[in-house]
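Right, one structure below, let's go through it.
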Number of protein chains: 2
Amino acid sequence: MSNQKLFNIAVVGATGAVGEQIIRLLEQRNFPIKELKLLSSARSAGVKIPFKGQDVTVQEATPDSFEGVDIALFSAGGDVTKALAPHAVKAGAICIDNTSAYRMDPDTPLVVPEVNVDKINEHKGIIANPNCSTIQMVATLKPLYDRYGISRIIVSTYQAVSGAGAKAIHEMLRQSKEVLAGNDAKPDILPVGSLPVKHQIAFNAIPQIDKFLDNGFTNEEMKMILETKKIMGDESLEVTATCVRIPVVYGHSESVYVELKEDFDVEEVKTLLANAPGIVLVDNPAEQQYPLATDAAGKLETFVGRVRRDLSNPKALNMWIVSDNLLKGAAWNAVQIAEYIAIEQ
Amino acid sequence: MSNQKLFNIAVVGATGAVGEQIIRLLEQRNFPIKELKLLSSARSAGVKIPFKGQDVTVQEATPDSFEGVDIALFSAGGDVTKALAPHAVKAGAICIDNTSAYRMDPDTPLVVPEVNVDKINEHKGIIANPNCSTIQMVATLKPLYDRYGISRIIVSTYQAVSGAGAKAIHEMLRQSKEVLAGNDAKPDILPVGSLPVKHQIAFNAIPQIDKFLDNGFTNEEMKMILETKKIMGDESLEVTATCVRIPVVYGHSESVYVELKEDFDVEEVKTLLANAPGIVLVDNPAEQQYPLATDAAGKLETFVGRVRRDLSNPKALNMWIVSDNLLKGAAWNAVQIAEYIAIEQ
């Protein structure tokens, strides 16, 4: 469409792990861009990032950066969003925020396009992108929610180190080399960069992602619980989560137990999942086919398999859900929201 | 005790990963041994294994190997147990079997000493050692079962490659080196050596341990479900399991959701666990202390932490249980049973 509207786009946190993926996706998807503004902290300003054959110079993000910007994609941490998104909104930009800053704000829609795309239009300047572990779970469960109703979800996660940023990837690979060489693996970043105690992630499983709350759950677990209810628009939904970091680079896996409100046929469930937008059913036990993090890495879809009726509760299902945490779990969900905004205008 | 009865002990599968640990434990625990007979397949016969300062030569296990043996510890695979244990019983030996061959046999006690030590005396020649993932879970839940009753357990596992034998450990380490060097990691053994399809375990999570059944569950998952009911002596117990292999060498971790029949106080639960035999409570979120596979490796105890009341069901608890799968999950549980037999005689 030659007369398609073109947009001025800003990416805040352009040099981060998620920012890089956002830029790559805007290019791949041929997003209708008039001008692309890449923003970062002062430290990374001046870096050149290739986009459609040209180098774009990263600029320091300041309150004045958003003049003329139509859509600003934020992934530079909650503090940066809180400091700058209000200025972007004032300048007339729609902000799509990858941080947790506004997710639970009642005035901010929390959007997974496959689940609640209709909420996008209710924004007051900011649309929040949910937590990575939440996105892949709700995208998969939505067709089951619509068809049967869901009363309860119990999820245990197997989360990749890339969810904690490029430094955590580097730490896991470095520790792995150290252990394989027969040396001690000094922990430096994980489980939580800003907390004093560190644990080895190489060849280990750490049952802590983000800080603990007084109720014994971590922030990550509470995000899965609270965001799922908000995105599904159902406060009666019972959700329990245990979030665990494992030595995988890209791709979060989830063991999900879900109680449905109505009777179901497992084959019908599989058909619903196979036909759901953004979902790929990989479920052939006879051929040992099920979703794997290494297969999901680099893909935009969410993969589901090991779908089986619970033996102790005939109204419950167990399944295994895997997606690339930097793509559908972050960058792709944000760019999807931007595409819906672009189509509407 | 100078007049303590001494026993003739046979270890079948003496050169395997579990057999090695059994021999090490018999030595460490100063088990009252008159003669130690180390048995294996013809392939490993002739190997010398040090025991209390002397070399013991491994002999080929045959039906005639058990003359004069008081206690035979089997860990050479279900087929070997099925072929040889009846001969051992006929020769007057008590067999402690680490394989799944007799676990669900109604005439064979399935024993975790912390849970049902009284069942040992009901044996008719064979006592079965449960699956590794089952042992650490039931040992931890037993004090809660006794105090409050348990109606339902939903468990997701994070299992170490050593559970699949020395070859799987080697494969995981080899693949890790290959990936770190930027090469492809050729899968050769996992998830199931005898099945055609192989998946990379390095930097991945494989939701398959053992073969699939028609109900969509794996054998490993069904072991956790059926063995837990048998050991607890409660067929009404509802159990669901999802078993996953992750790139850890030693130590299975488990995310466990458990519904109790009576109201409970979380601090009382923690006290019960802290005082339970064989259980170590590691649960201090403020100090980021919880069980880790790397800490549990090489230890005999089962470690539990992340104990917290479920937010959606006040009668439910979530917790994180970790133990060395080759020790409490196999060799140590078997040697514990042998120690009870020795004390009784």
Side-chain angles (χ1 to χ4, degrees), chain A residues 152 154-156 158 172-173 176-177 180 191-192 195-200 203-208 212-213 215-218 222 225 237-240 242 244 246-249 251 253 255 257 266 285-294 305-313 316 318 320 322, chain B residues 152 154-156 158 172-173 176-177 180 191-192 195-200 203-208 212-213 215-218 222 225 237-240 242 244 246-249 251 253 255 257 266 285-294 305-313 316 318 320 322:
Chain A
R152 160 174 292 197
I154 298 173
V155 55
S156 295
Y158 302 68
M172 196 269 281
L173 298 176
S176 299
K177 285 178 192 165
L180 289 168
V192 182
L195 291 181
V197 179
K198 309 296 180 187
H199 297 297
Q200 176 184 324
F203 309 111
N204 208 4
I206 303 179
Q208 177 182 11
F212 282 102
L213 305 179
N215 62 9
F217 285 77
T218 60
M222 291 311 298
I225 294 169
L237 201 54
E238 295 180 343
V239 186
T240 293
T242 299
V244 180
I246 65 167
V248 163
V249 184
S253 302
S255 167
Y257 165 95
V266 174
E287 305 285 329
Q288 299 176 257
Q289 298 301 318
Y290 29 71
L292 292 170
T294 46
R306 299 284 337 261
V307 179
R308 61 204 193 276
R309 187 187 299 279
D310 196 78
L311 300 178
S312 63
N313 181 354
N318 297 283
W320 179 252
V322 182
Chain B
R152 159 173 291 197
I154 298 173
V155 54
S156 295
Y158 302 67
M172 196 270 280
L173 298 176
S176 300
K177 284 177 192 166
L180 289 168
V192 183
L195 291 182
V197 179
K198 309 296 180 187
H199 297 298
Q200 175 184 323
F203 308 111
N204 208 5
I206 303 179
Q208 178 183 10
F212 282 102
L213 305 179
N215 63 8
F217 285 78
T218 60
M222 291 311 297
I225 294 169
L237 201 53
E238 295 180 344
V239 186
T240 293
T242 299
V244 181
I246 63 167
V248 163
V249 184
S253 303
S255 167
Y257 165 94
V266 175
E287 304 285 330
Q288 297 175 259
Q289 298 302 316
Y290 29 71
L292 292 170
T294 46
R306 299 279 344 255
V307 179
R308 60 205 194 275
R309 188 186 299 278
D310 195 79
L311 300 178
S312 63
N313 181 354
N318 297 284
W320 179 252
V322 181

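We name chains A, B, ... by the order of the sequence lines, and we start the count at 1 in each one. Just so it is clear, the structure is predicted and the values come from calculations on it, not from any experiment.
Heavy-atom pairs under 4.5 Å with chain B peak, among A/V322, A/V248, A/L173, A/V197, at A/V197. The candidate with the highest count of non-hydrogen atom pairs below 4.5 Å against chain B, out of A/T218, A/V249, A/D310, is A/D310. The candidate with the highest count of non-hydrogen atom pairs below 4.5 Å against chain B, out of A/V266, A/V192, A/V239, A/L311, is A/L311. With respect to chain A, the highest number of heavy-atom pairs below 4.5 Å among B/P247, B/A293, B/A286, B/S253 belongs to B/P247. Per-residue heavy-atom pair counts under 4.5 Å with chain B were compared for A/L237, A/I225, A/N313, and the maximum is reached by A/N313. Ranking A/L180, A/V307, A/N215 against chain B, the residue ahead of the rest is A/L180, based on heavy-atom pairs under 4.5 Å.
Of all heavy-atom pairs between B/S156 and A/S255, the closest is OG-OG, 2.7 Å. Of all heavy-atom pairs between A/R308 and B/G216, the closest is CD-O, 3.2 Å. The two residues A/F217 and B/R309 make their nearest non-hydrogen contact at CE1-O, 3.3 Å.
Contacts of A/V244 classified as side chain to side chain contact (heavy atoms under 4.5 Å, CB included), with partners at least two apart in sequence or in another chain: A/A205, A/P207, A/T242, A/I246, B/Y158, B/W320. Every residue meeting the side chain to side chain donor-acceptor pair (under 3.5 Å) condition with A/Q208, not counting sequence neighbours, appears here in chain and number order: B/Q288, B/Y290.
The parts of A/P196 that come within reach of chain B are both its backbone and its side chain, each placing non-hydrogen atoms under 4.5 angstrom from that chain. Contact annotation for A/R152: only side-chain heavy atoms (C-beta onward) come within less than 4.5 Å of a heavy atom of chain B. In this structure, chain B has heavy atoms under 4.5 Å from both the backbone and the side chain of A/N204. Using a 4.5 Å cut-off between heavy atoms, A/E287 touches chain B through its backbone atoms (N, CA, C, O) alone. Heavy atoms of A/F203 lying under 4.5 Å from chain B belong to its backbone as well as its side chain. Looking at A/L213, neither its backbone nor its side chain comes within 4.5 Å of chain B, counting heavy atoms on both sides.
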Does A/L292 form a side-chain contact (heavy atoms from CB on, under 4.5 Å) with B/I206? I'd like the steps, not just the answer.
CA-CA 7 Å; A/L292 292 170; B/I206 303 179; 4.3 Å; yes

